[in-house]
Colleague: 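Supplied in structure tokens, the structure appears directly below.
Convention: sequence-line order gives letters A, B, ...; per-chain numbering from 1. Treat the numbers as computed from the prediction; the structure is a model and nothing was measured.
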Number of protein chains: 2
Amino acid sequence: MTSQDVILGILMKRSLSGYDIKHLLESVFSYFYNASYGTIYPTLSKMEKDGLITKESVLQEGRPNKNIYTITEEGRKQFRAYMYSPMQANEFKSDGMTRLFFGEFVDPEVIARYLEHGIAGTKETLARLQKMYEDCKDTMSPTQEICILIGIENNESTLRTLGNGLDRLNKLKLEKRLDDHE
Amino acid sequence: MTSQDVILGILMKRSLSGYDIKHLLESVFSYFYNASYGTIYPTLSKMEKDGLITKESVLQEGRPNKNIYTITEEGRKQFRAYMYSPMQANEFKSDGMTRLFFGEFVDPEVIARYLEHGIAGTKETLARLQKMYEDCKDTMSPTQEICILIGIENNESTLRTLGNGLDRLNKLKLEKRLDDHE
DNA sequence: CATGGCATGTAACCTGTTACATGATTCC
DNA sequence: GGAATCATGTAACAGGTTACATGCCATG
């Protein structure tokens, strides 16, 4: 999965500008994919050069001009090729988990901070996904609904597991305190 | 979090070779971090040059020689700096979720394959984590235990949610079939 | 005799981010 | 007056992967 594949998928439904695409990625996709302008604009240029999309400049008053990109038949073909290509494994990289793994080298208070930070972040993501689901569930495709429900369920579970982690940590602290009094 | 931070953390406990580090990453870390030899060896060289670790060549008979790396006081200082630096957000990139999101453009059978692929992969990860937990739980630090338990719980949840997704999909297929008969 | 484990290393490549530049308009 | 939104783009850099090169030993 490259940014090109994702952009092609987005353009399958309607023509958009690079700016629009970025906003879509931030809202709907943010849970499983992300890209910066520094990726999007050069990729769009390359795709146009390769004939996968066409550019139409739209003049606007009071605002900068827009470049609206439309997928070509060649682009649709390319997108289908992606959708039928072998699947790539998920990629997950967690600074929080890494720190937790090395937790024996820092104070328990720091570990608690790690977990609390994770809990706050997960809560935010969850709230965002739930809001999105409420706002869009009538206009979403069935598989998009599955997709967002999976995201919600996963974050709910992560929230539980991080909470459990914090409980385990507090239990450890308590045990240690009891040991110290022996 | 860079590969340097992770390598420093690993060397905090004992001195290891690049080859050993790679194997550790594959087994214990694979759930939340990964690096290839093409990252590990150049990083180790750079770290030695920067005085964070020292190299000791160990001659072996019947096998290639090993370079065993040991963390220095400077390296420990650097590692502590990482552990107290601001936390980075988790990174998650999912080809499967992306395809699911664009599911309206392919046959339902293909979507089912996506989900089944995800289920198989998650089961594998889960089995690996559970085996690791059984094998190592007596030698793990408390926070490492929390870490692996979080991984297990998360994969159990993902398995449930993917299963739910498959059920939802089958329900949709059924509804569609009923609609077609009207 | 081929495969896989042990062990290190590099060069070419890919993919992506950050930070900057530009500039008008609207909202507080 | 300052910040945010709209809108595009690039250059420098970071961080990584893949594939290859080397070579011996043990196992099937």
Colleague: Between C/dC14 atom P and A/Asp5 atom CG, what is the distance in whole Å?
Modeller: 15 Å

Colleague: Tell me the interatomic distance from A/Leu25, atom CG, to C/dT17, atom P, rounded to whole angstroms.
Modeller: 10 Å

Colleague: May I ask you to evaluate whether A/Asn65 reaches the phosphate of C/dG23, defined as a side-chain N or O under 4.0 Å from OP1 or OP2?
Modeller: no

Colleague: Consider the side chain of B/Lys66, meaning its heavy atoms from C-beta on, and name the nucleotide among C/dG9, C/dT8, D/dT8 that approaches it most closely.
Modeller: C/dT8

Colleague: Return the value, rounded to whole Å, for the distance between atom OH of A/Tyr33 and atom P of C/dG16.
Modeller: 5 Å

Colleague: As a test of reading the structure: which of D/dT17, C/dT10, D/dT8 is closest to the side chain of B/Thr39, going by heavy atoms?
Modeller: D/dT17

Colleague: Any donor-acceptor pair under 3.5 Å linking the side-chain atoms of A/Thr143 with those of B/Arg99?
Modeller: no

Colleague: Where do B/Thr70 and B/Ser15 come nearest, in terms of heavy atoms and distance?
Modeller: OG1-OG, 2.7 Å

Colleague: What one-letter contact string describes nucleotides 19-28 of chain D from 5' to 3', where B marks a base within less than 4.0 Å of any protein heavy atom, S marks contact via sugar-phosphate atoms alone, and - marks no contact?
Modeller: ----B-S---

Colleague: If you assign B/Gly18 and A/Thr43 each to the DNA chain C nucleotide with the nearest heavy atom, which residue ends up on the more 5' nucleotide?
Modeller: B/Gly18

Colleague: So, A/Ser157 and A/Asn154: side-chain donor and acceptor under 3.5 Å apart, yes or no?
Modeller: no

Colleague: From C-beta outward on A/Tyr19, which listed nucleotide comes closest to its side chain: C/dC6, D/dT5, C/dG9?
Modeller: D/dT5

Colleague: Hydrophobic clusters here meaning ILVMFWY residues chained together by side-chain heavy-atom distances under 4.5 Å, can you tell me if A/Leu159 and B/Leu149 are in one?
Modeller: yes

Colleague: With heavy atoms under 4.0 Å as the rule, sort B/Ser45 into base, sugar-phosphate or nothing.
Modeller: nothing

Colleague: Which part of the nucleic acid, if any, lies within reach of B/Ser3 when heavy atoms closer than 4.0 Å are counted: base, sugar-phosphate only, or nothing?
Modeller: sugar-phosphate

Colleague: Would A/Arg80 and A/Ser85 count as having a side-chain donor-acceptor pair, cut-off 3.5 Å?
Modeller: no

Colleague: Calculate the interatomic distance between A/Lys22 atom NZ and D/dA4 atom C1'; express it in whole Å.
Modeller: 16 Å

Colleague: B/Lys46 has an atom NZ; how far is it from atom C1' of D/dG15, in whole Å?
Modeller: 12 Å

Colleague: I want to confirm an ordering. Mapping A/Gln60 and A/Pro42 to their closest nucleotides on DNA chain D, which one lands closer to the 5' end?
Modeller: A/Gln60

Colleague: Between A/Thr161 and A/Asn164, is there a side-chain donor-acceptor contact under 3.5 Å, judged purely by atom types and distance?
Modeller: no

Colleague: In terms of side-chain heavy atoms of A/Lys93, which of C/dT8, D/dA7, D/dG16 is nearest?
Modeller: D/dG16

Colleague: Measure CD/B/Gln4 against P/D/dG16 and give the value in whole Å, please.
Modeller: 10 Å

Colleague: Tell me whether the guanidinium CZ or amine NZ of B/Lys93 lies under 6.0 angstrom from the six-membered ring centre of A/Tyr33 and within 45° of its axis.
Modeller: no

Colleague: For A/Glu26 and D/dA7, give me the distance from atom CD to atom P, rounded to whole Å.
Modeller: 14 Å

Colleague: Going by atom types only, do B/Arg128 and B/Ser30 share a side-chain donor-acceptor pair under 3.5 Å?
Modeller: yes

Colleague: Could you state the CD1-P distance from A/Ile21 to D/dA7, rounded to the nearest angstrom?
Modeller: 13 Å

Colleague: Should B/Thr2 be listed as having a side-chain N or O under 4.0 Å from OP1 or OP2 of D/dG15?
Modeller: no

Colleague: For DNA chain C, produce a single dot-bracket line, 5' to 3'. Pairs: Watson-Crick or G-U wobble, both distances under 3.5 Å. Symbols: ( ) within strand, [ ] crossing, | other strand, . unpaired.
Modeller: ||||||||||||||||||||||||||||

Colleague: Looking only at side chains, do A/Glu56 and A/Asn67 share a donor and an acceptor under 3.5 Å apart?
Modeller: no

Colleague: Think A/Ser36 has a side-chain N or O under 4.0 angstrom from the OP1 or OP2 of C/dG16?
Modeller: no

Colleague: Ring of B/Tyr19, cation from B/Lys66 - is the NZ or CZ under 6.0 Å from the centre and inside 45° of the axis?
Modeller: no

Colleague: From D/dT8, C/dT8, D/dG16, pick the nucleotide closest to the side chain of B/Ser17?
Modeller: C/dT8

